[in-house]
Amino acid sequence: MTFKSIIDEIENNLNKILSDLSISSIEFSVEPAKPGFGDVSSNISYLLAKQLQKSPKEIAEILSEKYSKCTNTLVLKSEAHPSGYLNFFANWEKLSQLILSESYLDTCGDVDIGNGSTIVVEHTSVNPNKALHIGHIRNIIIGDTVSRILEKANYTVNVLNYIDDSGLQVADIIVGFKHFGYAEEPPNGKKFDHYCGDDVYVKTTEKYDTDPSLEEIRKNILKELEDGDSEIAKFADKITRKVLAGQLETCWNLGVTYDCLNFESQIIRSGLWSEIFEKLKEMKLVEFENEGKNGGCWVIRGEGKEEDKVIVRSNGTATYIAKDIPYAAWKLGLLEDPFNYEKYEKEQPHSRVLWQTTLKESDKISKNFTGEKVVTVIDSRQARLQKIITSLMGKFKSVPNAYNHLGYESVTLSSETAKTLGLDTDGKQAQMSGRKGLYVSADSVYEILKEKTSEETKNRHPEMDDSEIETIAHLVSVGTLRYEMIKQDLDKIITFDLTKSLSLEGDTSPYIQYTHARASRILEKSDRTPTIDVDFSLLKDKSELDLIRNIGLFNLQVRDAASNLSPKVIARYCYDLAVAFNSFYEKSKVLGLGDVELENSRLCLVNSFKIVLEKSLDLLGIKAPDRM
RNA sequence: GGGCCUAUGGCGCAGCAUGGAUAGCGUGUUGGACUUCUAAUCCAAAAGUCAAGGGAUCGAAGCCCUUUGGGCCCA
């Protein structure tokens with residue numbers, strides 16, 4: 001058990017006291033205390049003030065008095081603070097032993113929220129016509145981090161990447177290839193996804209402004225894409241898969257992996273739409289509009305003052321929400337699975353098998369990538385559409401909150417960075433746009449970071465060989481990128497600045513990784529293996545206890561992060577843990593003390609810190625090197 | 001016209017879900033600490049009417065209402 005043990009003990013005792021006083025049970029808080037107010041505090045006195053007609057201070061004194069008579073194993077004493085809070089002081093010798101022993105177990109930090117049930121996390125889902133930019137990376141890292149956290153919270157997670165291979169954006173590059181003669185092979189070894197995005201896509205769409213006839217050409221291509229057997233569709237399939245391969249390479253490099261790729265073109269051809277459309281009609285969730293501006297259309301009624309949403313136009317074509325509805329229902333396992341599955345042609349890192357949907361009958365492998373619940377990571381510009389889908393799915397599936405839209409604000413470019421890309425924004429931040437070529441690619445940010453970090457590492461360790469420097473620079477760059485994408489709240493806009501985001505000091509991943517290197521170094525230099533069989537009473541300095549306390553909070557943080565789908569909780573936790581360690585590192589020496597007992601106790605603590613930091617960083621997809 | 005998000009030291013953020021103690025952190029500024037397990041570190045100082053106004057409450061950065069600035073979506 002962990003820090004939660006002492007919280008539970010206090011909660012139980014307080015409830016006992018309440019029932020002894022024949023006070024009906026109330027919802028009071030028992031939380032880790034703020035610094036300077038003991039170890040655990042409760043607001044219970046405030047909540048009883050009215051009922052008992054006494055001041056919180058008096059109540060706290062009464063409760064504290066009663067508490068001293070309770071059976072305690074982890075609490076040393078309670079104290080009534082003049083403010084009215086009831087504060088508790090831990091028996092650290094026992095609590096340290098509990099927390100540090102727990103940290104040595106494989107199950108450390110595990111919590112059970114999912115109860116082993118399946119959950120789908122869909123993220124990435126970028127049109128396969130361009131390279132990933134820094135805005136996409138926010139989506140990908142949020143999705144990947146959330147799936148790691150959910151797994152830790154005992155969900156069986158299926159990670160999906162939806163490949164929109166039949167939309168307008170794909171049509172645009174096909175126009176480029178077929179009508180402007182762009183070569184199929186990129187010049188001078190450029191990565192294919194970059195080539196399609198930077199050259200074919202941007203330069204083709206530029207021409208729409210001057211040549212209106214292109215619209216017609218694109219329309220025809222779009223139509224041909226729907227028929228899987230057409231030459232255009234086959235060509236598009238070849239191109240988009242090459243782009244996808246490039247995108248996946250970027251993701252894998254950042255430590256992001258998937259379970260299955262779902263192709264939109266196959267969803268369209270699978271007939272899922274007509275199945276769900278019949279169901280919608282049956283359940284009267286869509287209605288045919290006879291008159292008005294939506295006359296001849298099938299619509300979903302808007303709630304309250306909201307507009308009706310057209311899903312089938314009067315000419316019979318489905319709007320793009322019509323692709324999302326069957327897919328959402330499929331993810332929840334509400335439809336019979338029309339797909340077969342085959343392994344993706346390239347092997348994914350970390351030996352996680354990557355599958356992809358196929359309509360080919362020859363591969364009769366059936367798999368199940370659906371979930372009891374679904375989390376769809378899409379930026380909050382799509383909130384309206386996602387709200388409709390959430391509400392529809394609520395009517396299809398009895399499990400409450402089965403479909404979840406995890407929204408987040410977008411990444412914009414700072415005016416300085418926009419300027420370097422040739423756009424003067426008059427001091428304002430700029431929205432990224434793949435179409436206008438206004439973006440910073442993920443690969444380029446990674447490369448710049450890597451260059452800077454290897455430079456830094458080389459300066460620090462002239463003795464290191466190139467491959468070691470390369471490894472460290474890679475881990476630090478990935479960590480930096482991932483941490484920057486996750487550390488703030490989902491509904492805050494990230495203004496990306498090419499220069500400022502390269503900071504490696506303060507509240508950053510390198511700071512956290514550096515503390516790991518410090519801990520590793522101590523363990524490496526010690527001639528003993530750390531064990532849990534030590535004298536815990538020797539760990540009594542404030543910085544030691546604070547570090548132990550932080551270690552003990554791990555599973556509480558995982559619970560918080562998982563139940564709120566809030567990855568930043570873990571980012572903050574890693575940072576707090578690192579701060580606590582650095583403070584310990586400054587104040588308490590471990591090696592060469594001449595006191596074997598004390599040294600053993602501190603070694604145990606350092607090792608415990610290292611284990612828990614690694615586990616919590618792992619939830620962020622960040623690995624920490626042993627030296628840096 | 002309708003809807004969503006946001007506002008906290010110069011700058012970037014945490015805290016808000018579940019109201020309660022002294023509003024935390026990074027960065028920047030000023031000063032200090034490497035003969036001592038790695039200074040990508042640590043310590044200290046200055047810097048805040050928590051956008052504005054009102055309301056309910058014994059008590060509000062947090063809850064309710066109104067207004068304003070910024071961003072986005074739909075029409």
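The chains referred to below are lettered A, B, ... by the order of the sequence lines, with proteins before strands, and numbering in each begins at 1.
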Atom NZ of A:Lys387 and atom P of B:rC4 are separated, to the nearest Å, by 7 Å
Around atom CD of A:Glu524, are there more than 12 heavy atoms of other residues, nucleotides or ligands at under 6.0 Å?
-> yes
Result for 5'-nearest mapping on RNA chain B, choosing between A:Val476 and A:Arg381, is A:Val476
Per side-chain hydrogen bond (donor to acceptor under 3.5 Å, both in side chains), A:His516 is matched among A:Glu614, A:Arg627, A:Arg521 by A:Glu614
Please verify the inter-ring angle class for A:His133 with A:His136; under 30° counts as parallel, over 60° as perpendicular, anything in between as tilted. parallel
Ranking B:rA7, B:rA21, B:rU38 by distance to the side chain of A:Ala517, first place goes to B:rU38
Picking from B:rA40, B:rG71, B:rA17, the nucleotide nearest the side-chain atoms of A:Lys428 would be B:rG71
B:rG10 -> Watson-Crick or G-U wobble partner, both distances under 3.5 Å, gives B:rU27
Closest of B:rU6, B:rC73, B:rG71 to the A:Glu409 side chain is B:rG71
From the candidates B:rA21, B:rG71, B:rU38, the one with an atom nearest any side-chain atom of A:Asn87 is B:rA21
With the side chain defined as heavy atoms from C-beta on, A:Ser83 is closest, among B:rA21, B:rU38, B:rC42, to B:rA21
- Considering just the side-chain nitrogens and oxygens of A:Gln513, establish if one lies under 4.0 Å of OP1 or OP2 belonging to B:rA40. no
Exercise. Any donor-acceptor pair under 3.5 Å between the side chain of A:Thr508 and the base of B:rA40?
Worked result: no
The nucleotide from B:rG15, B:rG26, B:rA39 with an atom nearest the side chain of A:Arg460 is B:rA39
Closest to the 5' end of RNA chain B, once A:Glu456 and A:Asp491 are matched to their nearest nucleotides, is A:Asp491
Among B:rA40, B:rA39, B:rA21, the one nearest any side-chain atom of A:Tyr585 is B:rA39
Q: For the pair A:Tyr575 and A:Tyr511, name the ring-plane relationship: parallel under 30°, tilted 30 to 60°, perpendicular over 60°.
A: tilted
